[in-house]
*Asks:* 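Can you read through this structure? Questions will come right after.
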Amino acid sequence: MDSNPSQTNRTEATAAFEAELEELVTTAFARGAAVEAVWVIETPISGAPDWSVAIEKRPSETDSGFDPRYLEE
């Protein structure tokens with residue numbers, strides 16, 4: 001692991017994280033998971049930070065008419 005990542009590496013890592021997080025949340029929601037919550041992630045590595053993650057549902061910018069009751073697998 002690079003202990004001093006360049007700004008480009010950080011930007012790419014952040015973009016990848018955001019894409020993976022979006023896919024995780026939308027896929028979990030589509031499968032019926034309770035996505036809206038707060039989680040505490042305790043890192044098992046000494047010296048690494050623990051994390052608090054909050055996901056809140058908000059209205060879509062466009063009204064798609066989506067009704068999750070009719071979601072089929």
*Asks:* Among the clusters formed by ILVMFWY side chains lying less than 4.5 Å apart, do V25 and V40 turn up in the same one?
*Replies:* no
*Asks:* So which heavy atom on W39 is nearest to which on I55, and how close?
*Replies:* CZ3-CD1, 3.7 Å
*Asks:* Short question: side chain of E36, backbone of K57 - any donor-acceptor pair under 3.5 Å?
*Replies:* yes
*Asks:* Within the distance-only criterion (no hydrogens, no angle test), does the side chain of T27 pair as donor or acceptor with the backbone N or O of L24 below 3.5 angstrom?
*Replies:* no
*Asks:* Without swapping roles, check the side chain of T43 against the backbone of P49 for a donor-acceptor pair under 3.5 Å.
*Replies:* yes
*Asks:* Just wondering, are more than 12 heavy atoms of other shown residues or ligands nearer than 6.0 Å to CH2 in W51?
*Replies:* no
*Asks:* Is the shortest side-chain heavy-atom distance between V53 and V38 below 4.5 Å?
*Replies:* no
